[in-house]
K.L.:
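Submitted below is the structure of interest, expressed as structure tokens.
Bear in mind that the values here come from a model prediction, so they are computed numbers and not experimental data. Note that these values count all heavy atoms, side chains included, but never hydrogens, waters or copies made by symmetry.
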Amino acid sequence: MFQDSKAFSGFSVDDVKKAKEFYGGPLGLRVSEENGMLFLHLEGGAGVLLYPKADHRPADFTVLNFPVADVEKCVDDLSGLGVAFERYPGFDHDAKGIVHGEGGMPTIAWFKDPAGNVLSVLDQPASAGADGTAAA
């Protein structure tokens with residue numbers, strides 16, 4: 001039914017202007033604003049809608065993952081831009097906040113957007129294309 005639909009995901013923020021500055025600034029994403037909502041334009045044509053919500057409650061789970069070739073370099077770069085990394089109980093984080101592929105999971109580091117939503121940078125699988133999907 002939806003195989004040809006250009007589906008997209010979305011989540012709420014408490015301040016679209018701050019979200020636009022964060023996602024378009026330190027994260028370097030292409031962003032656009034329309035009707036008071038923010039659109040993130042991701043590699044490969046995917047998009048994410050960020051919408052304002054007066055009673056916004058931050059997601060307590062990861063809402064957006066960014067596969068990268070070098071997690072440590074990405075963490076260093078984002079830290080240099082003022083992004084703080086989270087440390088969650090039950091994981092063995094290094095001094096930078098990186099979990100190095102324990103228990104079959106990828107190397108990953110979590111951080112939050114200005115609205116408190118959880119994001120991550122994680123190892124891009126060697127077999128993945130530029131968009132993070134498995135290569136054919």
K.L.:
So do the side chains of E86 and V118 get within less than 4.5 Å of each other, counting heavy atoms only?
P.N.:
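A side-chain contact is absent here, since even the closest heavy-atom pair is not under 4.5 Å.
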
K.L.:
Indicate yes or no: at least one non-hydrogen side-chain atom of R30 is less than 4.5 angstrom from one of S32.
P.N.:
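Of all side-chain heavy-atom pairs linking S32 with R30, none is under 4.5 Å.
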
K.L.:
Between H93 and V99, does the side chain to side chain contact (heavy atoms under 4.5 Å, CB included) criterion hold? Intermediate values first, please.
P.N.:
CA-CA 5 Å; H93 299 84; V99 176; 3.4 Å; yes

K.L.:
Within the distance-only criterion (no hydrogens, no angle test), does the side chain of N35 pair as donor or acceptor with the backbone N or O of M37 below 3.5 angstrom?
P.N.:
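Not a single qualifying donor-acceptor pair exists.
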
K.L.:
Do you know the tightest heavy-atom contact between A19 and L38?
P.N.:
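The pair with the smallest heavy-atom distance is C-CD2, 3.8 Å.
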
K.L.:
So, taking the atom named CG in N117 and the one named OG in S12, what distance separates them when rounded to the nearest 0.5 Å?
P.N.:
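Reported to 0.5 Å precision, the distance equals 6.0 Å.
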
K.L.:
So, does N65 use its side chain to make a donor-acceptor pair with the main chain of S120 at under 3.5 Å?
P.N.:
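Looks like no, no N/O pair under 3.5 Å.
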
K.L.:
Roughly how far, to the nearest 0.5 Å, is CG of L27 from CZ of F111?
P.N.:
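Going from the CZ atom of F111 to the CG atom of L27 covers 5.0 Å.
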
K.L.:
What are the two closest heavy atoms between D14 and P114, and how far apart are they?
P.N.:
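It is OD1-O, 4.5 Å.
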
K.L.:
Please round to the nearest 0.5 Å and tell me the distance separating atom CD1 of I108 and atom CD1 of I98.
P.N.:
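Here the rounded value is 11.0 Å.
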
K.L.:
How long is the gap from CE on M105 to CG on D123, to the nearest 0.5 Å?
P.N.:
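Taking CE in M105 and CG in D123, the distance rounds to 10.5 Å.
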
K.L.:
For residues P26 and L81, report the shortest heavy-atom separation together with the two atoms involved.
P.N.:
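Heavy-atom minimum between the residues: O-CD1, 3.7 Å.
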
K.L.:
With rounding to the nearest 0.5 angstrom, report the NZ to CG distance, K73 to L78.
P.N.:
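These two atoms lie 10.0 Å from each other.
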
K.L.:
Between L50 and Y23, is any pair of side-chain heavy atoms under 4.5 Å apart?
P.N.:
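A side-chain contact exists here, since the closest heavy-atom pair is under 4.5 Å.
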
K.L.:
Please tell me whether W110 and L40 are part of a single hydrophobic cluster in this structure, the criterion being side-chain heavy atoms less than 4.5 Å apart.
P.N.:
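Not linked; separate clusters.
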
K.L.:
Hey, mind stepping through V48 and F11 against side chain to side chain contact (heavy atoms under 4.5 Å, CB included) and telling me if it holds?
P.N.:
CA-CA 8 Å; V48 178; F11 53 89; 3.7 Å; yes

K.L.:
Write down the atom of G116, the atom of P58, and the distance for their closest heavy-atom approach.
P.N.:
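What the structure gives for the nearest pair is O-CB, 3.3 Å.
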
K.L.:
Look at the side-chain heavy atoms of Ile, Leu, Val, Met, Phe, Trp and Tyr, link any pair under 4.5 Å apart, and say whether L64 and V71 land in one connected group.
P.N.:
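Per the 4.5 Å side-chain linkage, L64 and V71 are co-clustered.
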
K.L.:
Can you name the nearest heavy-atom pair linking G36 to V16, along with the distance?
P.N.:
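So the two residues come closest at O-CG2, 3.4 Å.
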
K.L.:
Does a sphere of radius 6.0 Å around CZ in R87 hold more than 12 heavy atoms from other residues, nucleotides or ligands, not counting ones at 6.0 Å or beyond?
P.N.:
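Counting other residues, nucleotides and ligands, CZ of R87 exceeds 12 neighbours.
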
K.L.:
Side chains of K96 and F85, heavy atoms from C-beta outward: is any pair under 4.5 Å?
P.N.:
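No, side chains not in contact.
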
K.L.:
Given the rule in the side chain to side chain contact (heavy atoms under 4.5 Å, CB included) test, do F22 and V13 qualify, once you have shown the distances and angles that lead to the verdict?
P.N.:
CA-CA 12 Å; F22 179 75; V13 296; over 6 Å; no

